[in-house]
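Reckoned from all heavy atoms, side chains included, excluding hydrogens, waters and symmetry mates.
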Amino acid sequence: MANDDDVRVQVLSTSLVHAHNKTTPPSERIPLTPCDLRLLLVGTIQKGLLFRKPTAAAAAAFVDNLKSSFSAALASFYPFAGRLSADEHPEDGTATVYIDCNDAGAPFVHASAAGVSVADILDPVYIPPVLWSFFPLNWLRNHHGFDHPLAAVQVTELSDGIFVGWTISHAVADGATIWKFVKLWSALCRQGDDDSSSSTAAAFSRDWFIDEKHRPIKIPITKIEELEQEDDDKIVLKLKERILHFSRRKLEDLKSRANAEAADIAGFRGNISSLQSLISHLWRAQVIRNKNIPDPDSEEEAVFIVQVGLRSRFVPEDYFGNAVIPWPIVVKLKELSGGRDKGLGRVAAEVNKVVAGLTVEKLKGAVESWIENPKMPTVRGFVAGGMVLSSSPRFDVYGNDFGWGKPVAVRSGSGNKFDGKLTVYPGVENGSVDVEICLSPEMAARLESDTEFMAALE
């Protein structure tokens with residue numbers, strides 16, 4: 001592949017796709033919940049799957065098949081074809097934001113990057129910047145959904161592969177909803193059976209979030225005005241992105257080590273999971289080895305934000321929308337920077353205690369607290385904060401076969417990138433995990449020189 005600056009992605013066609021056989025009344029509107037509204041100022045979700053080039057038979061009409069099956073999948077996930085709307089309440093200076101399910105349509109882009117191969121995406125240590133051009137609707141914030149599509153797809157043909165990328169407003173859906181949509185879309189494309197969409201109906205009711213006393217959810221009109229003024233979408237950061245692969249064996253080693261070290265902590269009786277061990281390993285490497293270590297008497301704290309899922313707690317599994325709450329885990333830096341013999345276990349035990357203490361009552365209380373005092377973070381705010389973990393290794397990423405075989409990799413676009421952002425995916429091998437990490441060049445160089453951290457990779 002030539003230098004990224006020399007690679008040209010050519011748009012071959014763009015069309016607006018509508019939900020197939022949509023029967024929902026055009027007046028239907030779905031109110032945004034606190035979990036949705038808090039994301040209006042940040043970027044969209046941009047994910048994509050990389051495939052080897054289909055056989056000649058499968059490639060004959062693959063673009064048409066992708067487009068028609070995309071339309072069929074939108075019939076079950078029809079809010080993706082809508083737009084945002086708001087009702088103002090002049091009597092108290094507030095507004096209510098909705099998804100207007102008007103089937104305004106979702107763009108479908110067919111593009112070509114003949115100068116890029118699958119190896120050009122997979123082989124480099126750091127993810128090539130050209131990848132961002134494989135996604136539609138770049139640099140949009142979620143609040144732009146009032147005037148722009150809530151979802152869009154771009155299919156980019158490489159010299160020996162295909163990249164299927166999508167951009168979806170994070171104010172209307174989380175990763176769990178989006179991967180279920182992609183699962184349906186890929187099945188429809190592979191099977192060519194529109195009727196299968198009926199078996200994947202989403203739950204659109206907001207009753208689990210909004211009780212009678214809070215209906216409709218109102219946010220101050222000043223917040224709406226802030227949306228119009230917010231324009232930090234191109235924060236200039238020279239980030240480096242790479243995929244860190246942790247094999248099943250390495251994850252088991254981390255888990256065993258964390259539990260062994262935590263066993264000596266007075267009063268701790270928890271069972272640290274593989275994911276909690278991995279989180280702690282990443283946190284220590286980023287905060288301790290790649291930042292200034294305080295003196296022993298410092299009370300400075302480090303923050304790691306995890307996404308706590310509400311499905312299986314008080315929201316149904318097929319819920320359409322955002323059903324996660326960001327939850328901070330706070331530890332003093334001097335504790336994180338403890339000796340190598342106990343540091344991982346100490347941090348992992350704290351992560352375990354925080355997660356175990358998240359009761360339904362506490363999580364519902366966080367939702368109600370937001371309604372009373374709405375807060376909308378910005379990407380600039382994330383940049384100034386600690387580490388943030390997103391996505392989940394439980395998502396069925398590699399089960400999405402559009403008819404050309406399973407994907408060989410998953411990647412993300414430019415949305416919500418900042419120093420300290422971690423995105424977790426399942427690995428290709430069963431039981432393994434891939435972590436996409438965004439770092440400043442200085443932090444990336446220090447991470448590479450961290451022999452303890454790099455030893456856990458495989």
Side-chain angles (χ1 to χ4, degrees), residues 244 246-310 312-314 324-366 369 385-390 392-394 420 422 424 431 433 435 437 446-447 450-458:
L244 305 175
F246 296 86
S247 68
R248 183 171 188 168
R249 181 177 64 83
K250 291 291 187 180
L251 290 173
E252 290 173 348
D253 289 346
L254 281 174
K255 178 181 176 180
S256 296
R257 176 185 158 195
N259 278 289
E261 292 179 6
D264 294 333
I265 298 175
F268 180 73
R269 296 293 183 269
N271 182 23
I272 298 168
S273 70
S274 295
L275 183 58
Q276 291 168 355
S277 304
L278 177 58
I279 287 173
S280 305
H281 180 65
L282 293 166
W283 195 4
R284 294 188 73 225
Q286 172 71 347
V287 175
I288 302 309
R289 290 167 176 79
N290 300 330
K291 295 185 183 292
N292 293 325
I293 299 177
D295 64 73
D297 297 324
S298 172
E299 294 298 312
E300 185 179 354
E301 295 178 330
V303 179
F304 194 113
I305 298 175
V306 296
Q307 309 302 320
V308 181
L310 305 182
S312 78
R313 286 183 165 95
F314 61 90
V324 294
I325 293 178
W327 204 274
I329 300 174
V330 182
V331 173
K332 286 185 171 57
L333 278 176
K334 62 184 179 182
E335 296 176 0
L336 274 168
S337 58
R340 290 175 181 263
D341 58 335
K342 298 295 180 184
L344 178 65
R346 184 182 299 111
V347 177
E350 185 61 29
V351 172
N352 179 274
K353 286 189 291 185
V354 171
V355 173
L358 293 175
T359 62
V360 169
E361 291 73 19
K362 185 176 290 188
L363 294 170
K364 285 187 175 181
S369 176
M387 299 185 73
V388 178
L389 183 74
S390 68
S392 169
R394 298 183 180 90
L422 304 174
V424 183
V433 170
V435 179
I437 185 168
R446 293 177 187 176
L447 188 70
D450 184 343
T451 55
E452 180 187 1
F453 178 82
M454 299 304 288
L457 301 177
E458 185 174 88

S.K.: Please report the interatomic distance CG(Asn271) to CG(Asn352), rounded to the nearest 0.5 Å.
M.R.: 7.5 Å

S.K.: According to the salt bridge (Lys or Arg N to Asp or Glu O under 4.0 Å) rule, which pairs have a member within residues 352-362, sequence neighbours left out?
M.R.: Glu350-Lys353

S.K.: Would you call Arg249 and Asp253 a salt bridge, taking side-chain N to carboxylate O under 4.0 Å as the test?
M.R.: yes

S.K.: Report yes if the side chains of Trp283 and Leu389 come closer than 4.5 Å at any heavy-atom pair, otherwise no.
M.R.: no

S.K.: If I take atom CG from residue Leu275 and atom OG from residue Ser392, how far apart are they, to the nearest 0.5 angstrom?
M.R.: 7.5 Å

S.K.: Given Leu344 and His281, is the side chain to side chain contact (heavy atoms under 4.5 Å, CB included) satisfied, shown in steps?
M.R.: CA-CA 6 Å; Leu344 178 65; His281 180 65; 4.1 Å; yes

S.K.: Side chain to side chain contact (heavy atoms under 4.5 Å, CB included) between Val331 and Glu301: does it pass, once the steps are laid out?
M.R.: CA-CA 6 Å; Val331 173; Glu301 295 178 330; over 6 Å; no

S.K.: Any side-chain heavy atom of Val308 within less than 4.5 Å of one from Val324?
M.R.: no

S.K.: Around atom CZ of Arg313, are there more than 12 heavy atoms of other residues, nucleotides or ligands at under 6.0 Å?
M.R.: yes

S.K.: For the residue pair Phe314 and Leu363, establish whether any side-chain heavy-atom pair is separated by less than 4.5 Å.
M.R.: yes

S.K.: Considering only heavy atoms from C-beta outward, does the side chain of Ile305 approach that of Trp327 to under 4.5 Å?
M.R.: no

S.K.: Can you name the residues that form a salt bridge (Lys or Arg N to Asp or Glu O under 4.0 Å) with Glu252, not counting sequence neighbours?
M.R.: Arg248

